[in-house]
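Letters A, B, ... mirror the listed sequences (proteins, then strands); counts begin at 1.
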Number of protein chains: 2
Amino acid sequence: MIHDNSQSHHNHNQCIKTALATAETLCTEQGQRLTKVRRRALELIWESHRPLGAYQLLAKLAEEGFNSAPPTVYRALDFLLNAGLIHKVESMNAYLGCAHADKAHKGYFLICDQCHNVMEFDYQDIHASLIEKAAQQGFELRSETIELIGLCASCQSAAASAGASA
Amino acid sequence: MIHDNSQSHHNHNQCIKTALATAETLCTEQGQRLTKVRRRALELIWESHRPLGAYQLLAKLAEEGFNSAPPTVYRALDFLLNAGLIHKVESMNAYLGCAHADKAHKGYFLICDQCHNVMEFDYQDIHASLIEKAAQQGFELRSETIELIGLCASCQSAAASAGASA
DNA sequence: AGAGTTTTGTTATGGTATAACAATTAAAAC
DNA sequence: GTTTTAATTGTTATACCATAACAAAACTCT
């Protein structure tokens with residue numbers, strides 16, 4: 001249940017195609033319109049191998065002839081967020097394609113401090129524990145921001161070999 | 001293990017005193033300087049019953065004769081964050097006094113959508129699960145952002161009675 | 001085609017955060 | 001106790017993130 005854009009063995013083009021196809025299906029089912037700018041925004045977010053900032057995305061859209069004012073990108077992002085097609089990584093103010101848009105779920109992230117790659121993971125046990133913990137406080141849970149910051153495996157080995165030579 | 005600034009039975013002045021005393025001790029122990037502006041920033045954050053934005057804090061500091069340019073407040077916030085004396089609530093871009101600065105811990109938050117009060121909780125089970133989950137991916141965990149958004153008990157009852165009368 | 005709704009264009013502004021360098025203050029070394 | 005060094009603060013400028021408000025255009029439905 002891990003989606004890691006950074007791995008080289010990962011066929012990312014296929015992911016993008018799948019994500020776009022899923023998006024089309026979901027939007028059609030729900031009577032939502034995946035307009036040109038929304039569709040292209042989703043594609044660009046997926047094409048990036050790490051979370052994309054709103055203004056980075058806006059610049060890419062502008063290059064392609066879309067309107068270059070901020071509301072353009074924020075509207076597209078709002079739509080995609082509401083449709084569950086992307087997640088926002090709060091601690092980075094950046095946006096990431098969601099690999100499981102067809103299933104209701106929360107986005108839990110492992111974020112590498114060093115290379116800024118992000119892995120999404122799904123952890124039902126933790127989700128259940130959090131709901132329960134919240135309920136104990138009389139709290140009704142609506143959404144969760146779970147972002148784990150640290151060093152990914154490849155940055156750890158890079159750091160280790162750099163340390164060894166020093 | 002719950003710290004809830006919003007509860008009326010909570011003697012918040014005592015909390016502030018305790019927090020400041022702890023801060024003094026910790027800084028002294030670690031050879032850190034709790035300067036006037038840092039100390040006052042920490043106090044002001046504690047005096048707020050909900051997370052305080054950087055510019056809100058800056059305005060309060062400016063009223064008291066401190067320098068009114070943004071770096072003033074961001075430097076104080078950086079210091080307090082690094083010292084573990086406050087937490088940043090990423091999903092609100094706001095800062096909150098930490099009730100357990102003397103113990104190494106992660107800040108886990110329950111944030112009410114409606115009244116914006118925040119409860120901090122500490123949940124060792126979840127922390128352990130997260131470390132383990134990260135390790136399975138070869139990921140070395142450094143910090144965690146766990147923010148649960150929803151409706152607190154009192155806003156739920158308010159909503160229920162409003163709904164009943166409608 | 002016309003009425004209503006959704007989406008997009010456009011201008012302006014508000015909120016969050018940092019870079020870069022100068023001046024000052026505190027601490028350490030002598 | 002003065003010099004040297006390091007840490008902190010002052011100051012100006014700027015970059016980045018996000019939304020308000022209203023006008024224009026495009027789509028949907030009948």
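- Between A:V37 and A:T72 the shortest side-chain heavy-atom distance falls below 4.5 Å.
- Distance B:E90 CD to D:dC17 C1': 14 Å, rounded to the nearest Å.
- Between B:K88 and A:E90 there is no salt bridge, since no side-chain nitrogen of the basic residue lies less than 4.0 Å from a carboxylate oxygen of the acidic one.
- Nearest-nucleotide mapping onto DNA chain D: of B:A69 and B:V37, the residue sitting toward the 5' end is B:V37.
- Legend: side-chain hydrogen bond (donor to acceptor under 3.5 Å, both in side chains) pairs involving residues 53-62 of chain A, not counting sequence neighbours: none detected.
- Distance CG (B:L77) to C1' (D:dT8): 16 Å, rounded to an integer number of Å.
- In this structure, A:I45 and A:L57 have side chains that are in contact, with non-hydrogen atoms separated by less than 4.5 Å.
- Atom CG of A:L58 is separated from atom P of D:dC16 by 12 Å (rounded to the nearest Å).
- Atom OH of B:Y74 and atom C1' of D:dC17 are 11 Å apart (whole Å).
- Using a 4.0 Å heavy-atom distance criterion, A:K36 is classed as making no nucleic acid contact.
- Taking 4.0 Å as the cut-off between side-chain N and carboxylate O, A:K17 and A:E43 do not count as a salt-bridged pair.
- No contact: B:F79 has no heavy atom under 4.0 Å from any strand.
- Using a 4.0 Å heavy-atom cutoff across all strands shown, B:N93 reaches sugar-phosphate atoms only and no base atom.
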Heavy-atom contacts, protein to nucleotides 24-30 of chain D, under 4.0 Å, summarised as B (base), S (sugar-phosphate only) or - (none) per nt, yield ---S---
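- Taking 4.5 Å as the limit, every side-chain heavy atom of B:V118 sits out of range of all side-chain heavy atoms of B:C112.
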Chi angles and distances behind the side chain to side chain donor-acceptor pair (under 3.5 Å) call for B:Y108, B:E144: CA-CA 8 Å; B:Y108 293 178; B:E144 302 164 41; 2.4 Å; yes
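- Taking the six-membered ring where the residue is Trp, A:W46 and A:H12 present tilted rings, their angle falling between 30° and 60°.
- Extent of DNA chain C lying under 4.0 Å from chain A heavy atoms, first and last nucleotide in 5' to 3' order, is C:dT6 to C:dT11.
- Note: CG (B:L61) to P (D:dT8) measures 17 Å, nearest angstrom.
- One interatomic measurement links the two molecules: CG of A:L57 to P of D:dC16, which rounds to 15 Å at whole-angstrom precision.
- Looking at B:R142, its side chain never comes within 3.5 Å of a backbone N or O of A:D113 through a donor-acceptor pair.
- Mapping B:R75 and A:P70 onto DNA chain D via the closest heavy atom, the residue that lands nearer the 5' end is B:R75.
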